[in-house]
Number of protein chains: 2
Amino acid sequence: MRKGMLEYCILLLLRAEASYANDIIEKLKEAQLLVVEGTIYPLLTRLKNEGLLAYNWIESPRGAPRKYYTLTPKGSEWLVGLNAAWSELSNTVARLKDLKVTIPENENINL
Amino acid sequence: MRKGMLEYCILLLLRAEASYANDIIEKLKEAQLLVVEGTIYPLLTRLKNEGLLAYNWIESPRGAPRKYYTLTPKGSEWLVGLNAAWSELSNTVARLKDLKVTIPENENINL
DNA sequence: TTTTAGTCCTATGTATTGCAAGGTATATAA
DNA sequence: TTATATACCTTGCAATACATAGGACTAAAA
């Protein structure tokens with residue numbers, strides 16, 4: 001079910017604060033979404049190639065420097081669209097959850 | 001983004017009312033979710049084979065009889081799990097949307 | 001100088017999802 | 001009897017998303 005949500009969640013994250021890969025993994029973990037390196041690096045690269053993200057090299061207190069990703073203007077626009085899609089999906093589910101049960105579930109079932 | 005949501009939406013639908021394929025397509029359309037035959041028949045068959053759905057043959061006012069699908073007890077249990085997963089996902093997104101913007105988005109971007 | 005920790009990356013594989021296209025069967029209407 | 005409308009189904013494709021596994025580079029610590 002979470003399929004396809006990762007991109008949205010990452011853009012939401014980056015809207016709030018520039019972050020590098022391990023950062024993002026940690027923050028998503030806090031938000032109850034488990035991701036691993038092998039998932040996130042290709043995704044960040046893809047989003048950068050599509051022009052939705054850009055990055056700054058920033059020194060690490062230890063080891064290799066970090067790529068801090070931020071939203072580009074195009075990324076911000078794209079996020080607006082994703083927000084709309086998410087709202088629509090939420091509404092769809094809400095509507096379906098609110099349907100009244102009209103017929104008992106256990107009559108005349110043929111397996 | 002809607003990927004993987006279809007199963008959930010169909011189970012929600014069937015919880016409320018037994019339905020056959022074209023019925024389901026129509027109701028999902030009303031709920032703003034477009035689906036076509038080639039998508040739904042394999043899915044219904046899969047869910048039946050997994051024991052989540054069962055069906056009754058019911059005469060059609062015209063043409064071939066219809067398979068009215070209903071949730072099995074196992075399907076109802078499964079739906080409980082999906083509801084939980086959906087709640088968690090909603091919470092995750094809500095949390096990420098509520099993050100405060102802490103750093104401007106347009107400084108020092110290297111493409 | 002070697003080890004360790006942190007950071008980046010790619011290639012490949014797996015699984016799934018949803019769709020397009022084509023096919024079969026039933027029943028009524030012309 | 002043929003045509004039409006309704007209903008079911010299967011096969012195979014395309015996309016994609018995520019994970020696994022491996023590798024390489026940098027800098028500080030031992």
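Order of the sequence lines sets the chain letters (A, B, ...), proteins ahead of strands, with each chain counted from 1.
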Are any of [X]'s side-chain N or O atoms less than 4.0 Å away from OP1 or OP2 of [N]?
| X | N | answer |
| --- | --- | --- |
| R62(A) | dA5(C) | no |
| Y20(B) | dC8(D) | no |
| S60(A) | dG6(C) | no |
| R2(A) | dA17(D) | no |
| R66(A) | dT26(D) | no |

What's [X] touching, base or sugar-phosphate or nothing? Going by heavy atoms closer than 4.0 Å.
| X | value |
| --- | --- |
| L43(B) | nothing |
| P42(B) | base |
| L6(B) | sugar-phosphate |

Quick one: [X] [atom1] to [N] [atom2], roughly how many Å, whole number?
| X | N | atom1 | atom2 | result |
| --- | --- | --- | --- | --- |
| L34(A) | dT20(D) | CG | P | 12 Å |
| M1(A) | dA17(D) | CE | C1' | 16 Å |
| Y55(B) | dA7(D) | OH | P | 17 Å |

*Does any N or O donor sit under 3.5 Å from an N or O acceptor when you compare the side chain of E37(A) with the base of dC8(C)?*
yes
_For P65(B) against W57(B), the heavy-atom pair lying closest together_ =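 Of all heavy-atom pairs spanning P65(B) and W57(B), the closest is O-CZ3, 3.6 Å.
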*For R15(B) and L99(A), work out which heavy atoms get closest and say how close.*
NH2-O, 3.5 Å
*Under a single-linkage definition using a 4.5 Å side-chain heavy-atom cutoff for Ile, Leu, Val, Met, Phe, Trp and Tyr, are I58(B) and L44(B) assigned to the same hydrophobic cluster?*
no
*Which residue lies more 5' along DNA chain D, comparing G63(B) with G4(A) via nearest heavy atoms*: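 Final value for this comparison: G63(B).
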*May I ask you to decide whether E30(A) forms a salt bridge with K27(A), counting only side-chain N to carboxylate O separations under 4.0 Å?*
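Between K27(A) and E30(A) there is no salt bridge, as every charged N stays at least 4.0 Å from the carboxylate O atoms.
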*Closest to side chain of V36(A), choosing from dT20(D), dC19(C), dC8(C)*: dT20(D)
*Which of these nucleotides, dT26(C), dT17(C), dA17(D), is closest to any side-chain atom of P65(B)?*
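So the nucleotide nearest the side chain must be dT26(C).
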*Checking ring pair (Phe, Tyr, Trp, His ring centres under 6.0 Å) for the pair Y68(A)/Y20(A): CA distance, chi angles, key distance, verdict?*
CA-CA 4 Å; Y68(A) 276 78; Y20(A) 71 104; 5.3 Å; yes
